[in-house]
Peer 1: 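First the structure, then my questions, so here it is.
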Amino acid sequence: MNAFLEIRDVSKRFGAVTALSDVRLAIARAEFFSLLGPSGCGKTTLLRTIAGFEQPDEGTIFIDGADVTAMPPERRPTNMVFQSYAIFPHLNVFDNIAYGLRRLRLERAELERRVSEALAMVRLDGYGGRRSDTLSGGQRQRVALARALVRRPKVLLLDEPLGALDRRLREAMQRELRELQRNLGITFVLVTHDQEEALSMSDRIAVMSEGRVLQVDSPRALYERPASRIVAEFIGTMNLLEATVTEGAGSDAVCNVPGLGAIVVKDCALAAGERATLAIRPERLVISDGGRTSGTIVSSTYLGGRTHLLIALEGNGQPVAATIDSASGAGASPGARIKLDWEPDAFIALPD
Amino acid sequence: MSDRSVPPAIAHAPRKWRADAPGYALLSPTLVVMVLGLAAPLAMLVLYSLWRQNGIALQTQVTLGQYASVLSRAPFRALFLRSIAISSAVTLATVAFAYPMAYFVAFEARAKFLWLVLLTIPFWTSYLLRVFAWKLILGWNGVINSGLMSLGLIKAPFGFLLYNPFSVIVTLAHAWAPFAILPIYVSLEKIDRSLLDAAADLGDGPLRRFLRVTLPLSLPGIIGAAVLIFVPTTGDYVTPALVGGPRGTMLANVIDVEFERIGNWPFGAALAVVSMMAVGLVTLSAVTAARAAVARIR
Amino acid sequence: MSASAKLASMKPPGLFVYAILYLAFLYVPVLFLPLFSFNDSAFVSFPLAGFTLRWYRAMLADGALGEALANSLKVGAVAAISATLLGLAAARALTRYRLKGTSTVLGFVSLPLFIPDIVLGISLLILVNALSTPLSLSSVIFGHIVLCVPFALAVLLSRLEGFDPSLEEASRDLGETAWMTFLRVTLPLALPGIVASLLLAFIVSFDEFLIAYFLAGTDATLPIYIWGELRFPAKLPIVLALGAAILVVTCLLVLVAEWLRNLGRARTTPLAVGA
């Protein structure tokens, strides 16, 4: 495999607890790659292993063709933006950013040029003389970014860098980070527990749980075709329905869900008589007068642009969630009888 | 601090812990010094207390004779009682007088740091000289007496001011004041002011708020201050030596005599060990009783 | 005025008066020292007999006092430096590494804070005697180190505990070796704690009487010297002059330390590359 950053069968244990289990990842050059998962899934341990702060018990790590597994952090071509930013309080902004350049013994002029360049990259021009304790959270984050980028690493590692920022700032920073990464062409590996963040910024995402990688895919593929129940439930909301397969020949299967009737599932290799879990995103359930099934609205939650509906189906104890545009949902109040419809490829089948 | 980067399940091995060996290596010089300077001497103290001094010779057969001597003789029992009584009085007085002061700084003062500095400046002088200052004040020809006499308020000087337990108590209470103020201040400062607002909102007036919220919450500070003062004052040497006179002698003075003058080290050692245990016992029971009382208030 | 400030101010105004009186109680005895050091009489009397500076002149001329002062400075400096080094190593070990029995170690090392000086003093005397070591300033230094380590440890522990471990990791990540990380990040950040520890340990040692009294040989430390002089009324005012001088010097030292501390905060040198 010719990946730029390769993680081969890495395992890591802390005492009796396994933090990473046979992790295999191939990250391409100039890719924005995210590690996504709940607290405790091992994503940060993996990041720190790439950085060199943890030694894997098994497995190897290759960066740009070189085996870095045994290298200490100061020798690896990686740089990290820490969750706490780790801005040196006793140095001002200039000295923080220049910190990692000391070893290069650059000429004064060259040093200043590179630091100004880094500051411009993160839009903090002129902040060089500022003291670290006068910086806001967002500014500290940029300084941490500039400090890491000024060394021109092959891989930039980011450990939940936006968690401490407020929502507005976070969304702005997400866009900035994405743009920065595209302009610089550096491989970014980002750790986050926020699936929206991962979806909005990444080229590909690895969803992790309990030390294992569950699925690696583009954001759209992960969202539309999650490979397992865990992934489906972690990313966005998903309706999960028990079904029985009625026809299983060929590439598609037909399943029966009480209350919804016959559902065609494309690219599904189940045989007739088997049980399956079908999944559909709330926004793909459409309310239309010509719909196939009837249901009664149980509750309606207005969320601004969208309205979230809970609909009871006849013959099925489990209600389904549907999301509609608030503008078009004038008649969607609790108690109303409505008809549901969906596109042919809206449902997928999940292995348990 | 919580370690955000590590799953809660393995929080017992947070990432800041590297391989343990360098840690033990770093700790060892300090441990060696402290074992040599603390554990070994204390062990030897106990050992000496089990031996006998026969003239100039030290007899190293283990015997409990020294302890029997200490515990059976009335003057020594009286000495223990007096020392503990004096220290208790000092502790009570110091804490009682310090509390309103600490309360003032915590709740009413605006330049708190300034007040705290002001409160500690007097104690940047030599302890010996401070005790001596009290001697100057309380003495026969001292400030109080000569002042009152020159003002014509008294005909003859007061003799009861110096060279008795009273002078020891006053001097020690003065010397240990900051040790009471600071812990009480800290615990008062930590009290969440919104608790008092809540109490007021629920109908309590200022006195009740104090009794029901402030006082109980500052109890850890009070207990801390009390222990901080009680234990060392039982073993104080300088104050009883300078202002105590024969009636104000305390444990340390007698131990000193045994070591420096009489030369009966085993007996002195036994005296020291018994004092430590007695003081420890008293402190422990007092703290336990205080905690139990606190629990009952709640 | 906020609601809670209003509530607080409903307290009796007498508290301020109490505070002033309390402060007076603390200061007055101490102020008598400089007061009587200017008294033109070898005997303490109130009111003062007259104003004079002769006691200060005598103090400066007193050779034994000068020697005792020098000894105390020596002992204090060595004890403070040693206790701080030991305390730093121990604090580092306890905050950075997961060691077994941390609380036991902590309790043990803190013992000198809870044992009366007299017990510590005689125990050390017994030890020194058993090792047939002569009593001298060295034995005093040793005793003071043992006494000061818990103070140093307490100060340094609190300083190191708030230390973000990511800072050192960031330094490594940016290319510095472990040793350079220590010099460029750990040490500068621990410096205020180190200085505080040195000061505290020095003050504890400088003013310490009882243990020095038991462990000293022929060389006296300042407290031992003062103790000796307290028995001779004629030399008394010289001792008072000394006390006043110590007070003034201590105040100056603390002011300088505060000034230095604030100076360190305001450092904005952008040219400190490689610092």
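Letters A, B, ... mirror the listed sequences (proteins, then strands); counts begin at 1.
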Peer 1: Which bit of Leu101(A) comes within less than 4.5 Å of chain C, counting heavy atoms only: side chain, backbone, both or neither?
Peer 2: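 Nothing of Leu101(A), per the 4.5 Å heavy-atom cut-off to chain C.
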Peer 1: Between Asp164(C) and Tyr85(A), is any pair of side-chain heavy atoms under 4.5 Å apart?
Peer 2: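 Sidechains of Tyr85(A) and Asp164(C): no contact.
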Peer 1: At a heavy-atom separation under 4.5 Å, does Arg105(A) approach chain C through its side chain, its backbone, both, or neither?
Peer 2: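 When you check distances to chain C, no heavy atom of Arg105(A) falls under 4.5 Å.
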Peer 1: Between Ala170(C) and Ala86(A), what is the shortest heavy-atom contact and its length?
Peer 2: CB-CB, 3.8 Å
Peer 1: Do any side-chain atoms of residues 72-81 of chain A form donor-acceptor pairs under 3.5 angstrom with protein atoms, and if so which ones, sequence neighbours left out?
Peer 2:
unit_1	atom_1	unit_2	atom_2	d
Glu74(A)	OE1	Arg172(C)	NE	2.7
Glu74(A)	OE1	Arg172(C)	NH2	3.1
Arg76(A)	NE	Val68(A)	O	3.4
Arg76(A)	NE	Met71(A)	O	2.9
Arg76(A)	NH1	Thr49(A)	O	3.0
Arg76(A)	NH1	Ile50(A)	O	2.9
Arg76(A)	NH2	Val68(A)	O	3.1
Arg76(A)	NH2	Thr69(A)	O	3.1
Arg76(A)	NH2	Met71(A)	O	3.1
Asn79(A)	OD1	Arg151(A)	NE	3.4
Asn79(A)	ND2	Asp173(C)	O	2.9
Asn79(A)	ND2	Asp173(C)	OD2	3.2

Peer 1: Can you confirm whether more than 12 heavy atoms, excluding those of Glu210(A), are under 6.0 Å from its CD atom?
Peer 2: no
Peer 1: Heavy atoms only: give me the nearest Leu167(C)-Phe88(A) pair and the separation to one decimal.
Peer 2: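 Distance-wise, the nearest heavy atoms are O-CE2, 3.3 Å.
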Peer 1: Does any N or O in the side chain of Arg184(C) come within less than 3.5 Å of the main-chain N or O of Tyr99(A), such that one atom is a donor and the other an acceptor?
Peer 2: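 Looks like yes, one N/O pair under 3.5 Å.
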Peer 1: Measuring from Leu191(C):CG to His90(A):NE2, what's the distance to the nearest 0.5 Å?
Peer 2: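 With rounding to 0.5 Å, CG (Leu191(C)) is 10.0 Å from NE2 (His90(A)).
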